[in-house]
Amino acid sequence: MTATLNGPTAIGATVSRLRTTFDSGRTRSLTWRRDQLEGLLRLLTEREADVAAALEADLGRNAMGTFMGDVAPVTAEIRHTLAELKAWAAPRKVTLPLGQQPGKARVVPTPKGVVLVIGAWNFPLLLTLQPAVSALAAGNAVVIKPSELAPASAALLADLLPRYVDPAAVAVVTGDATISTALLAERFDHVFFTGSGRVGRIVLEACAKDLTPATLELGGKSPVIVARDADLDVAARRIAWAKTVNAGQACIAPDYVLVEDAVRPALVERLLEHLEWAGKAEPTRIVSEAHFDRLDGLLSGHGGEVFGGARERAARRFAPALVTDPDPDSALMQEEIFGPILPVLSVPDLASAVRFVVARPDPLALYLFSASQATADRVMELTNSGSYCVNHLLYQLLVPDLPFGGTGPSGLGAYHGRYGFDTFSHLRAVLHKPTAIDPSFAYPPYGPGAQKLLRRVMG
Ligand code: NAD
């Protein structure tokens with residue numbers, strides 16, 4: 001039994017069924033874990049057309065956009081995890097200090113138990129399956145709650161997952177906030193949430209009742225700083241592309257640009273050229289009328305000049321808009337945009353750009369375009385963000401051994417690769433001492449010789 005389950009009773013039954021499976025010990029073997037990962041890989045390769053059709057229905061995305069955004073990152077994560085699993089899961093040897101010898105110390109990665117993954121709608125497979133890869137690799141049972149705003153993708157996950165992975169250890173529960181709330185009333189051993197800061201706070205409060213550890217993958221306003229020595233053609237092309245991927249509905253999309261005065265006209269001119277083709281090449285719709293209206297609202301009351309932004313509410317199509325010099329206190333510059341609107345603000349110099357960034361909440365991503373390594377290092381040292389990417393955007397997400405996560409209001413904890421494996425593992429400290437050697441000087445009362453020795457080796 002799997003698939004779509006609603007209502008507190010069914011939810012309670014699902015969680016206990018998964019707990020029974022976990023307690024039986026079957027999820028612990030590396031063979032079981034590999035089978036699950038291979039099942040997910042088969043699902044994504046055999047059923048890629050169904051995945052593409054679901055994303056087409058949910059967001060109007062095309063098949064290549066879905067391959068790049070939802071399929072390829074997960075298959076790459078699975079392949080990387082399969083190659084590294086044995087090493088990640090092995091006990092990690094720890095050297096004992098002299099005063100603790102003899103003995104053997106190890107860190108033993110241990111599955112946490114039954115974990116909950118709550119996903120967002122913008123990359124509905126990526127944001128549920130990628131954490132599930134790490135959770136299963138670490139030997140856990142997993143409940144997945146996809147977003148109700150991507151219903152075709154949620155239904156597809158509920159239908160396909162039980163056919164490709166162990167249905168006694170993986171369940172998909174579909175529904176909205178009420179279902180999420182009912183799930184969070186259950187006891188889990190880890191909760192992994194992707195979504196807004198507003199709901200992230202609700203999730204963390206729910207976790208407090210059982211002291212459940214949580215990972216929060218949130219959003220925010222990710223800035224791009226463009227220095228006067230940047231390659232402006234490449235910068236404009238890459239920024240325009242990253243702003244239009246998925247119609248700007250990406251957590252690490254560039255939110256706004258801070259450009260040095262000296263190169264502002266040249267950058268704006270190139271951005272307008274590149275936004276034009278990039279917008280035409282991107283078929284993705286705005287997810288809902290409510291989000292369309294929110295974006296529409298952001299385009300007024302900011303005091304800047306708007307270029308582009310043609311839109312059609314019935315079709316939820318929104319062409320990229322560039323806004324020069326909006327008021328930093330306007331909603332456009334205060335809220336996460338999460339759509340194809342790109343504010344560009346001039347700053348007299350890089351120091352002002354850095355001050356602008358550090359005066360605001362730590363972003364999920366920070367981008368810099370500059371030809372200078374010294375500038376790249378200096379901006380890195382003076383700022384903080386979940387990730388920092390120089391001279392490109394979004395690709396930091398795809399480097400398998402880089403942690404992915406925010407800091408402060410942009411998130412708590414991280415995943416991807418080994419970081420994901422460790423997130424879903426308890427790193428258990430194990431010390432094993434022999435009994436053959438048991439000198440009396442190690443016990444009180446300590447004589448002068450023992451004191452001298454212990455002072456030398458213990459402190
Ligand atoms: P959201 O917070 O509205 O919803 C996320 C999930 O939480 C959904 O599954 C939803 O059903 C559930 N939910 C909604 N209300 C809830 C409640 N009261 N209690 C419990 N669960 C509830 O976010 P969204 O609109 O789906 O996604 C957009 C946000 O997610 C943006 O802020 C974006 O930056 C962020 N995001 C972050 C990442 C990341 O990896 N850091 C990735 C994608 C999106």
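These values consider heavy atoms only, across backbone and side chains, with no hydrogens, waters or symmetry-generated copies. In each ligand, atom 1 is the first atom listed, and ligand 1 is the first ligand listed.
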Atom CZ of R237 with >12 non-hydrogen neighbours under 6.0 angstrom:
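No, the 6.0 Å shell around CZ holds no more than 12 heavy atoms from other groups.
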Which protein heavy atom lies closest to [atom], and at what distance to 0.1 Å?
atom	value
atom 26 (O) of ligand 1	W121 CD1, 2.9 Å
atom 3 (O) of ligand 1	S196 OG, 4.0 Å
atom 36 (N) of ligand 1	C251 CB, 3.6 Å
atom 35 (C) of ligand 1	G195 O, 3.2 Å
atom 44 (C) of ligand 1	N122 OD1, 3.6 Å

Would you say E336 and ligand 1 have an N/O pair spaced under 3.5 Å apart?
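Between E336 and ligand 1, an N or O pair is found under 3.5 Å apart.
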Output the list of atoms in ligand 1 that are nearer than 4.0 Å to some heavy atom of [X], sorted by atom number.
X	answer
E217	37 (C), 38 (C), 39 (C), 40 (O), 41 (N)
E148	10 (C), 11 (O)
K145	8 (C), 9 (O), 10 (C), 11 (O)
G219	34 (O)
L218	37 (C), 38 (C), 39 (C), 41 (N)
I202	18 (N), 19 (N)
S180	12 (C), 20 (C), 21 (N), 22 (C)
L127	42 (C), 43 (C)

So is R360 actually on top of F356's ring, under 6.0 Å and inside 45° of the axis?
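Checked: cation-pi criterion met.
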Under 6.0 Å between ring centres: does that hold for F192 and F424?
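They qualify: ring centres under 6.0 Å apart.
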I'd like the name of whichever of [options] reaches closest to [atom] through any heavy atom.
atom	options	result
atom 33 (C) of ligand 1	F123, F338, F404	F338
atom 27 (O) of ligand 1	S410, G119, A120, P124	A120
atom 5 (C) of ligand 1	V199, T194, I118, L364	T194

Could you check whether [X] pairs with [Y] (Lys NZ or Arg NE/NH1/NH2 to Asp/Glu carboxylate O, under 4.0 Å)?
X	Y	value
D166	R26	yes
R285	D58	no
E276	K280	yes

Quick one: list whatever passes side chain to side chain contact (heavy atoms under 4.5 Å, CB included) with D70, sequence neighbours left out.
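Residues passing side chain to side chain contact (heavy atoms under 4.5 Å, CB included) with D70: L55, R61, T66, F123, P124, L125, L126.
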Look at the aromatic rings of F404 and H416 and report parallel, tilted or perpendicular, splitting at 30° and 60°.
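The arrangement is parallel - the two ring planes meet at less than 30°.
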Do you know which two heavy atoms are closest between T21 and A169, and how far apart they sit?
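Closest heavy-atom pair between T21 and A169: CG2-CB, 4.0 Å.
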Criterion ring-ring contact (aromatic ring centres under 6.0 Å, His included) on H291 and F338, from CA distance to verdict:
CA-CA 9 Å; H291 277 279; F338 219 61; 7.1 Å; no
Name the residue from T212, I11, V191, D210 that meets the side-chain contact (heavy atoms from CB on, under 4.5 Å) definition with L184.
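It is V191, the one option of T212, I11, V191, D210 that forms the side-chain contact (heavy atoms from CB on, under 4.5 Å) with L184.
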Any heavy atom of F193 closer to ligand 1 than 4.0 angstrom?
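Yes.
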